[in-house]
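Presented below is the structure to which this report refers.
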Amino acid sequence: MAHEIAVIPGDGIGGEVVPAATTVLAETPADFEFVRGDAGDATRAETGAALPEQTRTVAAAADATLFGAAGETAADVILPLREVVGSYANVRPARTYPGVGALAPDADIVFVRENTEGVYAGIESEIADGVRTLTRVTTEAACERIAEFGFTYAAENGYDQVTIAHKANVMRETDGLFLDVARRVGGEHETGYETALMDALATDLVMRPETYGVVICPNLAGDVLSDLAAGLVGGLGLLPSANVGRENALFEPVHGTAPDIAGEGVANPTATVLSAAMLLDHLDHPEVAAAVRGAVETVLAEGPTTPDLGGTATTDEMTNAIVTQMDF
Ligand code: GGG
């Protein structure tokens with residue numbers, strides 16, 4: 001039976017890279033039915049809602065969702081969409097690929113980011129003229145769930161080092177709880193772990209990226225540190241992600257809408273195509289996912305590539321090259 005995939009391009013280059021990924025998926029031996037959903041800045045301008053009810057319904061009913069990018073309406077689109085699919089772990093692999101001119105020649109880091117709470121819980125207020133507050137939410141249950149996910153991911157994917165990122169010396173209650181719980185969970189697993197203050201970790205990720213494996217992070221730290229790692233491995237155009245829940249999942253490039261190049265047809269499709277490969281893994285097609293990754297790696301090494309990687313190819317040219325290289 002065909003897998004039903006909710007396809008939500010969103011804004012900016014989302015409208016270019018998501019069709020690239022569905023083109024790749026459609027050329028695989030797996031069987032898909034794509035159901036389109038609208039969301040984002042343009043959708044809000046047209047309908048008044050950044051995430052219309054119909055799009056929520058499409059995502060909730062699908063076997064998995066492929067999302068592009070959100071702009072000004074990110075908080076009204078991607079955060080509730082993650083809720084709709086019940087996701088709690090945002091997995092963001094940052095790898096160096098042969099042939100890509102990267103600052104880090106040998107990085108293979110996977111950020112496992114808690115994505116239901118922290119400072120992204122959306123509890124903000126203006127309590128007086130010129131005074132605004134934000135409430136951070138940290139629960140023992142969510143800390144345990146993300147730590148368990150991170151250590152299990154490390155064991156199942158051959159990573160022998162886990163780093164727990166935190167800032168518990170300043171945010172003593174919230175990151176203190178995150179750190180305590182993640183340490184306890186780490187003690188129940190065989191994979192070795194260390195803890196790291198997230199500011200010092202940012203420096204060390206730049207100086208010694210090859211020493212890191214899985215990095216378990218609170219929500220905001222994971223968002224920021226994974227973008228930093230993108231800079232190390234060749235740019236945001238290369239980082240895929242999976243938002244994983246107990247039963248459902250949403251896949252999206254780590255990058256945003258890239259308004260500077262949106263509409264020019266030169267957006268790098270790699271991050272979204274690799275997100276589609278993560279979707280294939282999730283739907284239990286590991287061989288097909290491996291073939292897609294192999295094709296992406298060949299094209300990154302041999303070209304043609306888009307301008308962000310030093311090439312002159314359009315999104316369509318790079319996508320077609322990936323399709324041509326797929327070997328099932
Ligand atoms: N595809 C990633 C995207 O749309 N990013 C926009 C953004 O601000 N995301 C916040 C987040 O990932 O939590």
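Both ligands and their constituent atoms are indexed starting at 1 by order of listing. No hydrogens, no waters, no symmetry mates; every other heavy atom, side chains included, goes into these values.
Listed by number with element, the atoms of ligand 1 under 4.0 angstrom from any heavy atom of R113 are 11 (C), 12 (O), 13 (O). Counting the atoms of ligand 1 from 1 in the order shown, those under 4.0 Å from a heavy atom of R92 are 12 (O). Shown in contact with E252 at under 4.0 Å from a heavy atom are these atoms of ligand 1, numbered in order with element: 1 (N), 2 (C), 3 (C). Atoms of ligand 1 found under 4.0 Å from any heavy atom of P253 (numbered from 1 in listed order, with element): 1 (N), 2 (C).
Residue E190 qualifies as open at atom CD: its count of foreign heavy atoms under 6.0 Å is 12 or below.
With 3.5 Å as the limit, one finds no donor-acceptor pair spanning the side chains of T257 and D11. N268 and T270 share a donor-acceptor pair across their side chains, judged by distance under 3.5 Å alone. Between the side chains of D108 and Y212, no donor-acceptor pair of N or O atoms lies under 3.5 Å. Side chains of N115 and S87: a donor-acceptor N/O pair is present below 3.5 angstrom, by distance only. Looking at T298 and Q325, their side chains never bring a donor and an acceptor atom within 3.5 Å of each other.
For atom 6 (C) of ligand 1, the nearest non-hydrogen atom of the protein is A70 O, 3.7 Å. Closest to atom 9 (N) of ligand 1, if we only count protein heavy atoms, is I78 CG2, 4.1 Å. With respect to atom 3 (C) of ligand 1, the closest heavy atom belonging to the protein is H255 O, 3.5 Å. In terms of protein heavy-atom proximity, atom 7 (C) of ligand 1 is nearest to A74 CB, 4.0 Å. Of the protein's heavy atoms, D223 OD2, 3.8 Å lies nearest to atom 10 (C) of ligand 1.
Look at R136 and D175 and you find a salt bridge, because one of the NZ, NE, NH1 or NH2 atoms lies within 4.0 Å of a carboxylate O, short of that distance. Ion pairing between a basic and an acidic side chain is recognised when a charged N comes within 4.0 Å of a carboxylate O; E144 and R184 show such pairing. Salt bridge E297/R95: present, at least one basic N to carboxylate O contact under 4.0 Å.
At a 3.5 angstrom cut-off on N or O pairs, Y120 does not count as close to ligand 1. Between L79 and ligand 1, no pair of N/O atoms sits closer than 3.5 Å. Where the criterion is an N or O separation shorter than 3.5 Å, residue side chain and backbone included, G68 meets it with respect to ligand 1.
Of all the heavy atoms of R82, the ones lying under 4.0 Å from any atom of ligand 1 belong exclusively to the side chain. Contacts between V254 and ligand 1, counted as non-hydrogen atom pairs separated by less than 4.0 Å, involve the backbone only.
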